[in-house]
Q: 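Here's a structure for you.
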Amino acid sequence: NAGVTQTPKFQVLKTGQSMTLQCAQDMNHEYMSWYRQDPGMGLRLIHYSVGAGITDQGEVPNGYNVSRSTTEDFPLRLLSAAPSQTSVYFCASSREEYTGELFFGEGSRLTVL
Amino acid sequence: GQNIDQPTEMTATEGAIVQINCTYQTSGFNGLFWYQQHAGEAPTFLSYNVLDGLEEKGRFSSFLSRSKGYSYLLLKELQMKDSASYLCAFSDRGSTLGRLYFGRGTQLTVWP
């Protein structure tokens, strides 16, 4: 089983550029989410989805967009990159919304110059 | 609002026992998770507590007291490979769906 697959693993952007972080899971999980992790800040929820066609905002949604057209895929779009979005991004999925163990992708390290 | 707190750093020696504490505040508590994260890697699940008491899983145990808003992760027979960040998180039904709130993590260093 591949689990949760994120691409790319590393990316450097210039301020104002846009890009999409891809996330796919093959465990048939309904719940998927995106977190960012910054030094000293812990993991903060950006957006999440409880099923295909359903998404909602987390703690830090500004500057990011998501969609969930299939159960498997949950891409995260940066609309106009800013240096404050330099971070490590993790996609995660779980079988259940509240009680399920989160399975994380390997992470995507993004630098915005 | 929601709040979660854990120590920033801890150190211990190989073979010892260490307890990492976590306190939280929320109105819609559902359960308490512990994750382990090695440097440069993704977090991996360690434990989940929904009821008060101690859950034991090999060298790792996790305790929960819902009335006190308190949990701890107990690591026994420490090994060098246990050097990692340990993340406490709670799930909150509240008025929003599907949120898992993470603490900032406790960086554990195990010395030989």
Side-chain angles (χ1 to χ4, degrees), chain A residues 2-7 9-10 21 23 25 27 29-51 53-61 66 68 74 87-109, chain B residues 1-9 20 22-24 26-51 55 57 60 62 64 66 84-108:
Chain A
V4 180
T5 304
Q6 275 182 248
T7 56
K9 287 187 170 51
F10 300 94
L21 297 176
C23 177
Q25 53 93 7
M27 297 173 283
H29 286 169
E30 290 295 326
Y31 181 81
M32 295 186 75
S33 52
W34 276 101
Y35 288 86
R36 60 178 289 175
Q37 188 173 39
D38 304 292
M41 295 296 294
L43 285 162
R44 291 183 292 169
L45 182 65
I46 305 172
H47 286 284
Y48 64 94
S49 169
V50 298
I54 307 169
T55 64
D56 206 347
Q57 297 180 352
E59 299 173 71
V60 288
V66 292
R68 184 95 180 270
F74 191 45
S87 187
V88 179
Y89 292 86
F90 288 101
C91 178
S93 74
S94 68
R95 180 173 51 86
E96 295 178 359
E97 192 175 324
Y98 298 108
T99 63
E101 165 191 353
L102 280 178
F103 292 83
F104 285 87
E106 292 185 343
S108 299
R109 184 175 294 277
Chain B
Q2 291 86 8
N3 189 43
I4 186 165
D5 195 32
Q6 54 182 126
T8 303
E9 294 178 327
I20 303 174
C22 172
T23 57
Y24 64 88
T26 181
S27 57
F29 177 80
N30 187 76
L32 196 292
F33 294 81
W34 284 95
Y35 285 81
Q36 180 190 59
Q37 186 177 25
H38 286 102
E41 297 182 7
T44 55
F45 171 81
L46 287 177
S47 68
Y48 171 60
N49 293 67
V50 62
L51 299 176
E55 296 275 345
K57 193 184 293 186
F60 293 5
S62 56
L64 176 65
R66 289 173 296 171
S85 183
Y86 291 85
L87 312 177
C88 175
F90 65 81
S91 59
D92 184 353
R93 291 186 182 271
S95 62
T96 57
L97 299 177
R99 296 206 175 182
L100 197 65
Y101 289 87
F102 282 87
R104 299 185 177 191
T106 298
Q107 182 64 47
L108 173 67

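To find a chain, count down the sequence lines: A is the first, B the second, and so on, and within it residues start at 1. As a basis for the values below, the full set of heavy atoms in this structure was taken, side chains included, without hydrogen atoms, waters or symmetry mates.
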Q: Side chain to side chain donor-acceptor pair (under 3.5 Å) with Arg68(A): which residues, sequence neighbours excluded?
A: Ser49(A)

Q: Counting heavy-atom pairs closer than 4.5 Å to chain B, which one of Glu59(A), Arg109(A), Glu106(A) comes out on top?
A: Glu59(A)

Q: Between Phe90(A) and Gly105(A), what is the shortest heavy-atom contact and its length?
A: CD2-O, 3.5 Å

Q: What part of Gln107(B) gets closer than 4.5 Å to chain A, counting heavy atoms only: side chain, backbone, both or neither?
A: neither

Q: Taking ring pair (Phe, Tyr, Trp, His ring centres under 6.0 Å) as the definition, give me every residue that meets it alongside Tyr24(B), ordered by chain and number, with sequence neighbours left out.
A: Phe29(B), Phe90(B)

Q: How are the rings of Tyr35(B) and Phe104(A) set to each other: parallel, tilted or perpendicular (split at 30° and 60°)?
A: perpendicular

Q: Determine the option with the most heavy-atom pairs under 4.5 angstrom with chain A, choosing from Ala42(B), Pro43(B), Gly40(B).
A: Pro43(B)

Q: Give, as side chain, backbone, both or neither, the part of Gln37(A) having an atom under 4.5 angstrom from any heavy atom of chain B.
A: side chain

